[in-house]
Every structure is written in C-alpha cells, then in structure tokens.
Amino acid sequence: MQVVEYAVFFGAFTWFVVTVQNRRRLLAVTLTGVMVVTLVGAPQPAQAQIGLLQAIQAVLNVINGVIHTALNGINTVRTAMNNLQQTVVWPQQLINQARAQVTRMIGLYRNLMSNIFHIRLNSAPLPNPQALEAVIRDHQVNNFPSLTSTFASTYGAIPVTTAANPGDRAMSDMDDALALDNLKTLKAGDQATDIELQSADAIENSASQAAPGSTPFLTATAITSGIHAQALTQKLLAAELRQEAARIAHRNTLRKENATNTTTLRGVLVNLLQHQ
Amino acid sequence: MTGLTESLRTAKSWLFSHKLRAVILALVLVFTAPWPARAQLLSPCCALLVAGLSSIQSALTKVVGGGLNQILGVDKALQQFQQAVVWPQSLINQARNLVGVLQGNYNQIQNLMHIPVNSATLPISQQLEQVLLSRNPNQIGQTSGAYTALYGPVPPPTAASPQVLNMVDMTDAAALAAMKRAIEIDALADLELQAASQLNQSIQAAAPGSAPIVEAQADAWLIRANAYTQSATADLMRLRSIDLANASADIKMGATNTTSLRQALANLMQHQ
C-alpha cells in the first residue's frame, strides 16, 4: 500500500519537475516534493520503534529494578545465613575449643581416675581368705570353680546329713548359694564395668575429634551405653535384693524356730510343774 | 518497438538537456523510496534493537549474572563450610564405625549377664535358686511354694504370740516380694539390653539428621531404665526397713518378756 502511494506521489513529483518552467519553481517543487514524498515513503513503523524502545527500557527496568532488588535481597539473606552459621551456630573457634576441652579433660582426669579405680583393695592376710579375695576381685568369669572351692575353703562345706537337721542344711545351702551367685554376678559385673569404661573412653576419644554433624551418633550411642549401664545396675540390684531377702528370710526362719521351741519348752515346763 | 525506441531517444535527449532535473529526480527517488529492509545493520530500527539488546545483555551480565555469582559464591562458601566443618563425611563415618565397635562391647556385656551362676547343691535350695535366677516373670507364681519349702511356713496361732506371728508374716512377705521383684528386674534388664542393642543398630544405619530421633528414643528408654532402677532400690530399702523394724521389735519384745519374767519370778518367790 505504501509503495503504491509512493509511486503515485513520485509520478506527480516527476511530472512537476519535468514541466516546471524556471529554476526557482524547480527548487520549490523539489523541496515540496521531497517533503511530501519523504512523508509518504518514510518507513511507517516509526511508532514501532518507540514501542521497541519502551519494551527494551521496560526489560531493563525489570532487570535493574525487581530482579536486581530480589537478587540483592537473596544475597543479603544467604550472606546473613552463612554468617549466622559460621559465627553463631557452628563457630569454628568454639568447635575447636570444645574439642580441645575434651582432650584437656581426658589428660586431666582419665589416668587419675583409672589409677584410683585400680588401686589394689585386697586385704586378707591368711592363705584361704587371700585366695578367695583374689578370685572375687579378678574381674574374670572363667574361673567359677575356683571361686566355689576357695569359698568352701574359707567358709566350710554344708554339714553332712547326720550333722544338722534338713532345714538348717537347706538354709545353709541356700545362703551359700546366694552368696556364691552374687559373687559370680559381681565378677561378671566387674568385667562389664571394665567394658563400660572402655566404651566411655572410646566415646570421649571420638568426641575430641568430632564435628557437629557426627556428634549425634556419639550422643545417641552414649545414651544406649547409659541404658546398658542401668540394666547392669539393675542386675546387681536384683542380686542384692535376692541376697537381702534370703538374709531376712533366714533370720525369720530362726524366729519361727524360736517360737516353736519356746512353745515346746513352755509345754515341757508346765508338764514338769504339774508332776511336782 | 519503433515507438519504444523513439520514446527512449526522446527521454535521452530530455535528460541531456535537463541534467539538473534528472539528478534531482534520481536523488529524490534514491533517498525517499520505501526500500525493502535489505540491510538490517544499516536500518535505524535494527541499530536500535542491537543497542537495546546490548543494554539488556550488559544488564543481565552485570545485574543478574553478578548477583547470581555473588549468591553462588556465598552458597559455595556455605556448602564448603558445612561439608568441611559441620557435616564432614569422614568424621560421620568414623562415628558410625565407633557405634559398630561399641555394639561389640554391648554384646559382651549381654553375654556376661547371661552366664549361669547357679550354685545351690541341695534339691530344695536348688528349686528356689532356679526360680530366683530364672529371669522369667512367668515363674514368679512358683516363688512362694519354693520359699515356704525352704524357709518354712508361718507358725500356727497357738505356736507363738500374735506379735511374733505378725512379725514373721511381715518379714516373709517382704522377703518374698523382694525375691519376686528381683525376678522382674532381671527380666526388665534383659529387655533393656535388647532394646539398647536395637537402638544402637538403628544409630549405625542413621543419618546425622535422623540420629537425634533415635537419641530421643534412647533418652526415653534411659528414663524408663532409671525408673526401674529406682523401683528396685525402693524394694531394697523396704527390705532393710523391715529388717530394722524386726530388730526394734526384738528389743521391745525382749523388754516385755523380761518384765513378765521378773514379775513371774517375784510371784514365785512370794508363794514360797
């Protein structure tokens, strides 16, 4: 459409140029024609250029405005989070300090406490008690027969059938059995305590090199160690309960026998007085 | 054809005689004709577009690219910090290995606690000992029979004073309850050892983020274990309280008996 218009106007312009008479008129026709033909022939989408400029400017505005602000905001937040993690939550200096403290406390206490714990407590001067004491304090569970024999050497054997009534023999056997049971349990308990101490040392050693991310494993396993320790304590308490219960049961049996004997004696005395 | 030749000849002669007009027409045609967009680089529209796109490229490079690079830098620093300081894989593996090593220790403890310690030699005491060391709550019901067989029943009412009978009955009850509690506690301790081993296996398979969950459960178990320990300690204290009360009752009855005996002797002397 624009080309057709241009052809029409350019034809008219040509006609004027050809037919004009003098140079003044030719100049006027030329100028007028140039202006008109320029207007007709000039590229129409001048408006589109303005639209393109506006569009480019709009994109630039978005980039320099919203996106720039958003990226700055994200950067600020992430930088703050990074700083927070490195300076407040997991500061390297305090992590190293904590590790150093663990190492320092290991140096301060471990050997000291171990030495105190391993002081020899054996005190018996006579051979039989000495042998028994050695067995009950050796933290071993593979020498129970030695325990039984040294116990019998020190405390004697159960009276033979003819030497005591069945009740006393049974009670004496039960007392000895519970004492031996507990001494065996204590030997096992001593060995378990040694293992617990080894576990505690291993956990503490690891803590001296741990990172915040590996510590949950150590704390969790330390707690399970605590459960084991509690279970062990309960086993020892159960043994103590059995022993104490047997002790008062024994004394109670003596009380029962005393009551029976007193009644019998009273009967005998009454009979005796009646015969007099 | 002849006409065309004639026209061209006329135009030629007109152009030669009107050179200025011909030049004007040519120039106007050249500069004002709406030429198709052949050379884009020379087009003002394309130049504008190129300039605009360059600006956008520059803005994207500086503003978006620069900003993203800064964020990437921060993220890389954060990632490196977390990998090297907070969650180092090597230390996490080391901790997991330790958990495995400790599991071996726990197994040893569990085995130690299951070593048979039975020592009684006579049938009647063997029976009670077997019940007491059974770690089986289902055998609690057999405790009373085995206990009475060994330690005897409470004497009949005619055999002792009510005071003595009460004391004997209470002492037997406390001793029996303590023995039953010992069986219970043994069984509970076994279950705790099992649970602790299970928890430890869970810790070995856990991630640093899930280990605290297992830890929380282990904490709960520890509290429970403490409660059972306290319960056993309470029973031990009850037993010792009964023992102390018995000692006290012995003194009281001894005093009463002495007074009665003195009175009886005085009466006897008066009658003689």
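As a basis for the values below, the full set of heavy atoms in this structure was taken, side chains included, without hydrogen atoms, waters or symmetry mates. Numbered from 1 within each chain, the chains take letters A, B, ... in sequence-line order.
The part of A:T233 that comes within reach of chain B is its side chain, from C-beta onward, which places non-hydrogen atoms under 4.5 angstrom from that chain. Using a 4.5 Å cut-off between heavy atoms, B:R224 does not touch chain A at all. With a threshold of 4.5 angstrom between heavy atoms, B:Q82 approaches chain A through side-chain atoms but not through N, CA, C or O. Both the backbone and the side chain of A:N82 come within contact range of chain B, each with at least one heavy atom under 4.5 Å from a heavy atom of that chain. Neither the backbone nor the side chain of A:N83 has a heavy atom closer than 4.5 Å to any heavy atom of chain B. For chain B, the nearby parts of A:A246 are the backbone and the side chain; heavy atoms of each come within less than 4.5 Å. With a 4.5 angstrom heavy-atom cutoff, B:P116 touches chain A only via backbone atoms. Contacts of A:A210 with chain B are made by backbone atoms alone, with heavy-atom separations under 4.5 Å and no side-chain atom involved. For A:L183, no part sits under 4.5 Å from any heavy atom of chain B, backbone or side chain. Looking at B:A207, the atoms closer than 4.5 Å to chain A (heavy atoms on both sides) all sit in the backbone: N, CA, C or O. Interface remark: B:Q94 contributes side-chain atoms only to the contact with chain A (heavy atom separation under 4.5 Å). In this structure, the portions of B:L60 lying under 4.5 Å from any heavy atom of chain A include both its backbone and its side chain. Only the side chain of B:D250 comes within less than 4.5 Å of a heavy atom in chain A; its backbone stays farther off. Heavy atoms of B:T158 lying under 4.5 Å from chain A belong exclusively to its backbone. Contact annotation for B:I124: only side-chain heavy atoms (C-beta onward) come within less than 4.5 Å of a heavy atom of chain A. Interface remark: B:L193 contributes backbone and side-chain atoms alike to the contact with chain A (heavy atom separation under 4.5 Å). Contact annotation for B:P156: neither backbone nor side-chain heavy atoms come within less than 4.5 Å of a heavy atom of chain A. Proximity to chain B (any heavy atom under 4.5 Å) is restricted, for A:S206, to the side chain, taken from C-beta onward. Proximity to chain A (any heavy atom under 4.5 Å) is shown, for B:T233, by both the backbone and the side chain.
B:L112 pairs with exactly one of A:D190, A:V141, A:T193 by the side-chain contact (heavy atoms from CB on, under 4.5 Å) rule, that one being A:V141. No option in A:T76, A:L71, A:V77 other than A:L71 meets the side-chain contact (heavy atoms from CB on, under 4.5 Å) test with B:I71. When each of B:L98, B:N93, B:I92, B:V86 is paired with A:S214, the side-chain contact (heavy atoms from CB on, under 4.5 Å) condition holds for B:I92 and for no other.
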Using side-chain contact (heavy atoms from CB on, under 4.5 Å), reason through A:T224 and B:V99 one step at a time and then give a plain yes or no.
CA-CA 10 Å; A:T224 56; B:V99 176; over 6 Å; no
Are B:N200 and A:T221 close enough, and set up right, to give a side-chain hydrogen bond (donor to acceptor under 3.5 Å, both in side chains), and what steps lead you there?
CA-CA 6 Å; B:N200 216 53; A:T221 202; 2.8 Å; yes
Apply side-chain contact (heavy atoms from CB on, under 4.5 Å) to B:L132 and A:M174, showing your working.
CA-CA 11 Å; B:L132 293 183; A:M174 190 67 204; 3.9 Å; yes
Between A:Q57 and B:S55, does the side-chain contact (heavy atoms from CB on, under 4.5 Å) criterion hold? Intermediate values first, please.
CA-CA 9 Å; A:Q57 193 55 51; B:S55 299; over 6 Å; no
Check the pair B:Y106 / A:S225 against side-chain hydrogen bond (donor to acceptor under 3.5 Å, both in side chains), numbers first and verdict last.
CA-CA 8 Å; B:Y106 302 150; A:S225 290; 2.2 Å; yes
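Residues B:L91 and A:F217 form no side-chain contact, since every pair of their non-hydrogen atoms from C-beta on lies 4.5 Å or further apart. Side-chain contact between A:I223 and B:W221: absent, with no pair of heavy atoms (C-beta onward) separated by less than 4.5 Å. Using a 4.5 Å heavy-atom cutoff, the side chains of A:L180 and B:V117 are not in contact. Side-chain atoms of B:S125 and A:R169, non-hydrogen and from C-beta on, never get closer than 4.5 Å to each other. Using a 4.5 Å heavy-atom threshold, the side chains of B:L236 and A:Q243 count as separate. Residues B:N246 and A:R255 meet the side-chain proximity criterion, which asks for heavy atoms closer than 4.5 Å. Side-chain contact check for B:D190 versus A:K235: some heavy-atom pair is nearer than 4.5 Å. Using a 4.5 Å heavy-atom threshold, the side chains of B:T171 and A:R251 count as separate.
A salt bridge links A:E240 with B:R240: the closest approach of a Lys/Arg side-chain nitrogen to an acidic carboxylate oxygen falls below 4.0 angstrom. Remark: B:D186 engages A:R242 in a salt bridge, criterion side-chain N to carboxylate O under 4.0 Å.
With chain B as partner, the option from A:L237, A:N64, A:T262 having the largest number of non-hydrogen pairs under 4.5 angstrom is A:L237. Considering only heavy-atom pairs separated by less than 4.5 Å from chain B, the leading option among A:T253, A:D181, A:T14 is A:D181. Among the candidates A:N182, A:T79, A:T264, A:D176, the residue making the largest number of heavy-atom pairs closer than 4.5 Å to chain B is A:T79. Taking chain A as the reference chain and counting heavy-atom pairs below 4.5 Å, the highest number among B:V164, B:N111, B:L68, B:L133 is found for B:L133.
In this structure, the separation between OG1 on A:T185 and CD1 on B:I115 is 9.5 Å, given to the nearest 0.5 Å. In this structure, the separation between OG1 on B:T229 and CD on A:Q230 is 3.5 Å, given to the nearest 0.5 Å. Atom CG of residue B:L199 and atom NE2 of residue A:H228 lie 9.5 Å apart, to the nearest 0.5 angstrom. Atom CE of B:M170 and atom CD1 of A:I248 lie 8.5 Å apart (nearest 0.5 Å). Here the CD1-CG distance, from A:I227 to B:L191, works out to 12.5 Å after rounding to the nearest 0.5 Å. Between atom CG of residue B:L122 and atom CE of residue A:M171 there is a gap of 12.5 Å, rounded to the nearest 0.5 Å.
Of all non-hydrogen atoms in A:A249 and B:Y147, the two that sit nearest each other are CB-OH, 3.1 Å. When all heavy atoms of B:A225 and A:Q234 are compared, the closest pair comes out as O-NE2, 2.7 Å. Scanning both residues, A:K184 and B:S119, for their nearest heavy atoms gives NZ-OG, 2.8 Å. When all heavy atoms of A:K256 and B:P155 are compared, the closest pair comes out as CG-CD, 3.9 Å. B:A232 and A:L241 make their closest contact through O-CD1, 4.0 Å (heavy atoms, listed as atom of the first residue, atom of the second, distance). Listed here is the closest heavy atom pair of B:M113 and A:A192: CE-CB, 4.3 Å.
Panel note: side chain A:D173, backbone B:A120; no donor-acceptor pair is recorded below 3.5 Å.
Ring planes of A:W90 and B:W87: perpendicular class, angle over 60° (limits at 30 and 60°).
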